[in-house]
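All residue numbers refer to positions in the sequence shown, counting from 1. Please read all numbers here as calculations on a predicted model, not as lab measurements.
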Amino acid sequence: MLRIFVIIDKIYYMMIAVIGVPVNVVAIAILSRGKCGLSTCTTRYLAAMATADLLFIITDVILYQMKLYYFQGSFLHITPVCIINSYLLYVASDCSVWFTVTFSFDRFVAICYQKLKTKYCTKNTAAVILATTCFLFCLKNIPLYFTLEGGVVIDNVPWSCNMKPSYYTEVGWVVFDWFDKALTPLLPFALILLLNALTVRYILVASQIRKVLRGQSKEQKHSDPEMESRRRSVILLFTISGSFILLWSPYVINFLYYNIAGIDPNYYNNSLHIFERIGYMLLSLSCCTNTFIYGVTQSKFREQFKSAIKYPVTSIIQLINKRHY
């Protein structure tokens with residue numbers, strides 16, 4: 001069973017790399033053009049999320065997961081390189097998660113607080129929040145350097161990097177582990193659920209008030225541009241946050257299990273090891289889903305995506321026609 005899962009794991013991460021890198025690059029390119037019918041601050045949040053997802057796929061999927069199968073004995077296994085890559089993937093993971101939180105809060109303000117919206121929901125505010133978030137998580141992950149150690153030394157060169165056994169037993173590192181997981185993703189889970197609940201509550205109350213003010217009976221249906229705009233915004237918000245919560249849940253369950261049970265994951269049996277790997281697999285998948293969500297929920301994004309796909313083909317055809325004539 002474990003051998004079969006290893007084969008699945010190997011193919012899975014290859015597919016994530018092949019799909020995840022181009023879709024995030026396309027998403028960044030399309031969003032950067034600002035022609036998707038979204039506000040400038042929303043566009044910045046979504047582009048930042050796609051950038052963090054792309055960095056996570058490169059550092060975790062390609063340079064960490066796939067190196068175990070495809071780059072055995074390469075320089076990627078040298079301890080300093082491994083540690084630097086581990087630091088970058090932790091930063092990318094934190095930023096990807098918290099950019100989702102900041103986006104959720106931005107949409108919460110935009111929908112529920114119209115007066116504050118004009119001051120808070122701006123491209124400059126978004127840039128400051130995103131830059132500050134990234135900087136803070138760069139600082140927060142510095143202790144990671146002291147949690148990893150080399151495996152073997154060959155010709156005075158240290159190879160591989162493993163989590164120190166003391167990380168799961170010493171009080172200081174156990175507290176840091178809880179602090180790390182509380183920031184990503186336990187606290188984001190709670191904040192996203194809270195913000196979504198408050199947003200839904202506000203929309204339900206506001207829609208009832210608007211129906212009364214417009215003299216709209218239960219039997220009659222009239223178009224309401226403002227409510228339609230809110231509906232599209234809420235669909236985008238809920239699909240992104242819902243996807244995040246669903247795909248990160250197994251990872252959170254595994255963290256809670258090994259802390260409550262007091263088990264070092266290095267000594268998991270086959271079943272627990274497979275569950276742990278599934279958690280990491282779904283976590284990696286979460287960095288590929290947002291682009292598809294944009295395509296499903298945003299018609300103008302779909303139009304820009306189709307144009308991006310058609311552009312190379314039409315350019316080649318035009319070049320061939322010019323040479324022909």
Side-chain angles (χ1 to χ4, degrees), residues 27-28 30-53 94-140 182-214 216 222-245 248 290 293-294 297-301:
I28 293 169
I30 292 175
L31 292 168
S32 298
R33 298 183 65 188
K35 296 182 179 180
C36 296
L38 301 169
S39 64
T40 54
C41 65
T42 298
T43 299
R44 286 201 170 184
Y45 282 115
L46 298 183
M49 290 161 62
T51 303
D53 289 345
D94 288 337
C95 288
S96 177
V97 171
W98 278 91
F99 287 169
T100 304
V101 176
T102 55
F103 167 71
S104 300
F105 185 75
D106 175 82
R107 292 299 84 200
F108 168 71
V109 172
I111 294 171
C112 303
Y113 294 94
Q114 296 297 311
K115 293 182 179 180
L116 181 60
K117 175 183 176 181
T118 56
K119 295 181 179 180
Y120 180 82
C121 301
T122 64
K123 61 180 182 180
N124 292 332
T125 301
V128 171
I129 290 174
L130 292 169
T132 303
T133 301
C134 186
F135 175 74
L136 290 176
F137 281 111
C138 286
L139 294 178
K140 170 255 178 186
L183 281 180
T184 306
L186 298 181
L187 182 58
F189 265 44
L191 290 176
I192 288 174
L193 290 173
L194 176 63
L195 292 171
N196 287 353
L198 293 175
T199 302
V200 169
R201 178 178 176 276
Y202 176 85
I203 290 174
L204 291 176
V205 173
S207 62
Q208 292 299 322
I209 294 175
R210 288 182 65 82
K211 283 182 180 180
V212 173
L213 294 177
R214 291 168 63 89
Q216 189 171 325
H222 301 288
S223 61
D224 189 337
E226 183 175 338
M227 291 305 297
E228 181 65 22
S229 176
R230 285 180 181 174
R231 186 184 71 84
R232 290 195 298 268
S233 182
V234 167
I235 290 174
L236 177 62
L237 170 63
F238 285 4
T239 49
I240 290 177
S241 57
S243 172
F244 162 74
I245 291 174
W248 275 77
N290 283 350
I293 290 173
Y294 306 154
T297 61
Q298 304 295 311
S299 59
K300 290 187 177 181
F301 183 90

Phe238 side, atom CZ; Ile235 side, atom CD1 - distance, nearest 0.5 Å
10.0 Å

Side chain Thr125, main chain Cys121, donor-acceptor under 3.5 Å:
no

Minimum side-chain heavy-atom gap Asn196-Phe108 below 4.5 Å
no

Answer yes or no: is there a side-chain heavy-atom contact under 4.5 Å between Asp94 and Leu183?
no

Is it the case that the side chain of Ser243 and the backbone of Ile240 share a donor-acceptor pair, with hydrogens and angles ignored and the cut-off at 3.5 Å?
no

Is it the case that the ring center of Phe244 lies less than 6.0 angstrom away from the ring center of Phe189?
yes

For Lys123, is the NZ atom crowded, meaning more than 12 foreign heavy atoms sit under 6.0 Å from it?
no

Closest heavy-atom pair and its distance - Val97, Trp248:
CG2-CZ2, 3.3 Å

Just how far is it from atom OG of Ser104 to atom CD1 of Ile192, taken to the nearest 0.5 Å?
4.5 Å

State, yes or no, whether a side-chain contact exists between Cys41 and Arg107 at a heavy-atom distance under 4.5 Å.
yes

Within this structure, what is the CG-CD1 distance for the pair Asp53 and Ile28, rounded to the nearest 0.5 Å?
8.5 Å

Thr100 (side chain) donor-acceptor with Ser96 (main chain) under 3.5 angstrom
yes

Indicate yes or no: at least one non-hydrogen side-chain atom of Leu38 is less than 4.5 angstrom from one of Phe301.
no

Counting distance only, does the side-chain N/O of Thr118 pair as donor-acceptor with the main-chain N or O of Lys115 below 3.5 Å?
yes

Test of ring centre spacing under 6.0 Å for Tyr120 and Phe105
yes

Are the side chains of Leu46 and Leu236 in touch, meaning some heavy atoms are under 4.5 Å apart?
yes

Look at the aromatic rings of Phe137 and Trp98 and report parallel, tilted or perpendicular, splitting at 30° and 60°.
tilted

Got Leu31 and Tyr294 here, is their nearest side-chain heavy-atom distance under 4.5 Å?
yes

